[in-house]
Every structure is written in structure tokens, then in C-alpha cells.
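Down below is the structure, laid out as C-alpha cells.
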Amino acid sequence: MPCVHAGLPIRSWTPSTVRDLNGDMGKHDGKRALVTGGSNGIGLSIARLLAAEGARVIVTGRTEAALETASEEGLIAVRSDATAKADIDSLAGKVAETFGQLDAVFLNAGITDMVSFEATTEQIYDAIFATNTKGAYFTLQRLLPLLAEGSGVVLTTSVVNQLGQQDLGVYSASKAALRSMARTWARELLPRGVRVNAVSPGPIDTGILAKKLPPEAADEMLAGLTAQVPMQRLGTPEEVARAAVFLAFDATYTTGAELAVDGGGTQL
Ligand SMILES: NC(=O)c1ccc[n+]([C@@H]2O[C@H](COP(=O)([O-])OP(=O)(O)OC[C@H]3O[C@@H](n4cnc5c(N)ncnc54)[C@H](OP(=O)(O)O)[C@@H]3O)[C@@H](O)[C@H]2O)c1
């Protein structure tokens with residue numbers, strides 16, 4: 001049974017649907033936001049929601065085709081690899097030139113790999129930490145001078161940062177490190193009025209989960225994940241986007257926190 005809101009399946013939401021449903025058009029008029037990994041999946045949904053509510057949004061990613069599609073939707077797409085210092089520097093330059101300052105930063109770019117402890121290579125370990133943890137760390141460090149007073153930073157972590165999931169050891173550790181950074185950054189940026197929070201998705205239907213598996217194994221894995229969720233379904237990227245945008249702009253008395261969007265998976 002697809003999840004519906006006002007008779008519309010959530011998966012079919014577009015920016016204009018969001019406007020029609022909640023009358024939030026203009027809610028973020030004039031706001032300037034950056035979404036890393038905003039060319040696909042959860043990041044793209046965050047960017048679309050922000051744009052639908054009036055914000056100007058820069059999205060990043062590495063794949064040209066996805067960036068072009070994002071740009072056709074009116075998002076400002078920048079090819080930028082979160083693991084490359086030169087790319088982070090030029091991204092900061094682009095942000096400064098386009099917006100001057102930022103009101104919201106979504107550190108969302110991430111990769112995963114399902115591999116057992118025994119089979120994990122140094123290359124897999126380094127690739128996951130380079131994007132999910134080190135990439136987020138040095139991106140925010142480089143953007144610090146551009147954060148407007150009162151701005152919001154939101155990190156995309158994961159429910160697995162507090163679970164012991166089979167074959168997800170490195171990924172889970174990379175997100176646990178990120179969760180820890182959210183706390184420290186929240187403390188260190190307090191004097192500037194910048195809030196730092198994390199949104200922690202459970203299994204969300206974006207394709208990332210099954211990316212490295214053959215189709216049959218992917219179906220089996222997704223069915224297994226669905227069965228473990230108390231709500232008995234995968235989440236949608238739009239549901240994570242709503243929580244992330246709430247943390248960035250509306251959660252004005254919240255910092256250092258992590259909000260689970262997981263169908264009850266870590267609570268019930
Ligand atoms: N889907 C889930 O079930 C789930 C659950 C918990 C947490 N998360 C987290 O949510 C975030 C988004 O995941 P998703 O499901 O939306 O995945 P996705 O659809 O694969 O999107 C990932 C995004 O990150 C970008 N990206 C990856 N590596 C990058 C790099 N080195 N530099 C810049 N951009 C990079 C990708 O673009 P390119 O590949 O073109 O670079 C893409 O735009 C990730 O941090 C993920 O760990 C997802």
C-alpha cells in the first residue's frame with residue numbers, strides 16, 4: 001500500500017505538489033542553501049523541497065548526467081568530489097561568488113558498501129571514510145567563513161551508527177564518527193549562533209542500498225530490510241527531506257541532536 005498524503009502517493013511529489021499541499025511556498029524565500037550529494041536520492045529531495053519553498057540551492061555530485069538533470073530543474077549544480085581538496089576549495093569559491101553567505105548546509109554526500117569484516121580491504125575502508133567522514137569534515141571546515149549567523153547545518157548520518165548490522169562495519173563506523181562530529185561542531189559553533197544537527201535515515205528507497213548487488217540479491221535484501229522495520233515499509237527520500245529541512249530552519253532550540261527517520265526502527 002503506497003503511503004499517501006491528500007490522496008497523492010508521496011513518491012510522486014514534485015516541488016509544485018509540495019506547495020499545493022502545505023502552502024509553504026515562499027517559506028524560505030531568499031535563503032541560500034548547499035546540499036552535498038544533492039544530485040540524487042535524499043540530497044535531491046532536500047534540494048527540491050528547499051527550492052519549492054523559495055530557497056536558492058547549490059547541489060553537488062560527481063556524475064555529470066545527474067548534475068545536468070538537477071540543473072534543468074533550476075538547481076545550481078556544481079561538479080565537486082567531497083574527497084578532493086581542490087574541489088572543496090573551488091566549491092567554496094563558487095558558493096562565495098553565487099551567494100556570498102549560506103543559511104543552510106546539508107552535508108549529505110555518502111557512499112556505502114556491504115562487505116564482511118574478513119573481506120574488507122584497506123581500499124574499501126579508505127573510500128568510505130574519505131567520502132562520508134573526512135569529506136564532510138573538511139567541507140564544513142572550508143565553508144565556516146561563509147556560514148551566516150543563525151544558519152543551520154544538517155548532517156546525514158544513519159541508524160546503523162548505533163546498530164551492529166552485518167557487513168556494514170566500516171559504513172556504520174564512518175557514520176558514528178560523523179554523529180560525534182555533529183556534537184562537537186554544535187558546541188564549537190554555538191558562539192556564532194550556528195546550529196548543527198543530524199538526520200538519521202533508516203532504510204530509504206533511493207537505490208544506494210542495492211547499488212552494488214545483482215538484481216535478485218538486491219530484491220531479497222530490500223525485502224529483508226522492510227520486514228525489520230516496525231512500519232513494514234521503506235522510507236521515501238521526501239520523508240527524510242522534510243526532517244532535514246525542519247532541522248535546518250525550524251528547530252531553533254535544537255543543536256547537537258540526531259533525528260531518526262526510520263519507521264520506528266531504532267525506537268520500537
Ligand atoms: N538510502 C538509505 O537507505 C540511507 C540510509 C541511511 C543513510 N543514508 C545516507 O544518506 C545519504 C544520501 O544517500 P542516498 O540514499 O540518497 O544515496 P544516493 O542516491 O546514492 O545519493 C548519494 C549522493 O551523494 C553523491 N556523492 C557520492 N559520493 C560523492 C563524493 N565523493 N563527492 C560528492 N558527492 C558524492 C552522489 O552523486 P555522485 O555519485 O554522482 O557523486 C549522490 O548525489 C548518504 O550519506 C547515505 O549514507 C542513506
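Every number for a ligand or one of its atoms is a count from 1 in the order of the listing.
Relative to atom 22 (C) of ligand 1, the option among G110, P237, G135, A130 with the closest non-hydrogen atom is G110. Considering each of T139, T206, I42, N108, the one bringing a non-hydrogen atom nearest atom 11 (C) of ligand 1 is N108. Of the listed residues (T157, T156, V261, I204), the one carrying the non-hydrogen atom nearest atom 7 (C) of ligand 1 is T157.
With N197 contributing its side chain and T254 its backbone, the two residues share a donor-acceptor pair below 3.5 Å.
A salt bridge links R233 and E239; the closest N-O separation between the charged side-chain nitrogens and carboxylate oxygens is under 4.0 Å. Between R79 and D87, at least one side-chain nitrogen of the basic residue sits less than 4.0 Å from a carboxylate oxygen of the acidic one, meeting the salt-bridge criterion.
Looking at ligand 1, you'll find an N or O of Y171 within less than 3.5 Å of one of its N or O atoms. Remark: ligand 1 and T83 share no N or O pair separated by less than 3.5 Å (distance only, no angle test). Not a single N or O atom of P201, backbone or side chain, sits closer than 3.5 Å to an N or O atom of ligand 1. Note: an N/O pair closer than 3.5 Å links G37 and ligand 1 by distance alone. Considering both main-chain and side-chain atoms, R62 comes within under 3.5 Å of ligand 1 through a nitrogen or oxygen pair. In terms of N/O distances under 3.5 Å, ligand 1 is approached by T63.
The parts of S39 lying near ligand 1 are both backbone and side chain, judged by heavy-atom distances below 4.0 Å. Contacts of S200 with ligand 1, taken as heavy-atom pairs under 4.0 Å, are absent altogether. By the criterion of a heavy-atom distance under 4.0 Å, the side chain of T131, and not its backbone, is placed next to ligand 1.
Residue A66 places no heavy atom under 4.0 Å from ligand 1. Ligand 1 has no atom lying under 4.0 Å from any heavy atom of T36. Using 4.0 Å as the threshold, S45 has no heavy atom nearer than that to any atom of ligand 1.
Annotation: atom 26 (N) of ligand 1 to nearest protein heavy atom, A109 CB, 4.0 Å. From the protein, the heavy atom lying nearest to atom 42 (C) of ligand 1 is N40 CB, 3.7 Å.
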| field | Full working for side-chain hydrogen bond (donor to acceptor under 3.5 Å, both in side chains) between Q162 and T266 | value | CA-CA 8 Å; Q162 49 178 307; T266 48; 4.7 Å; no

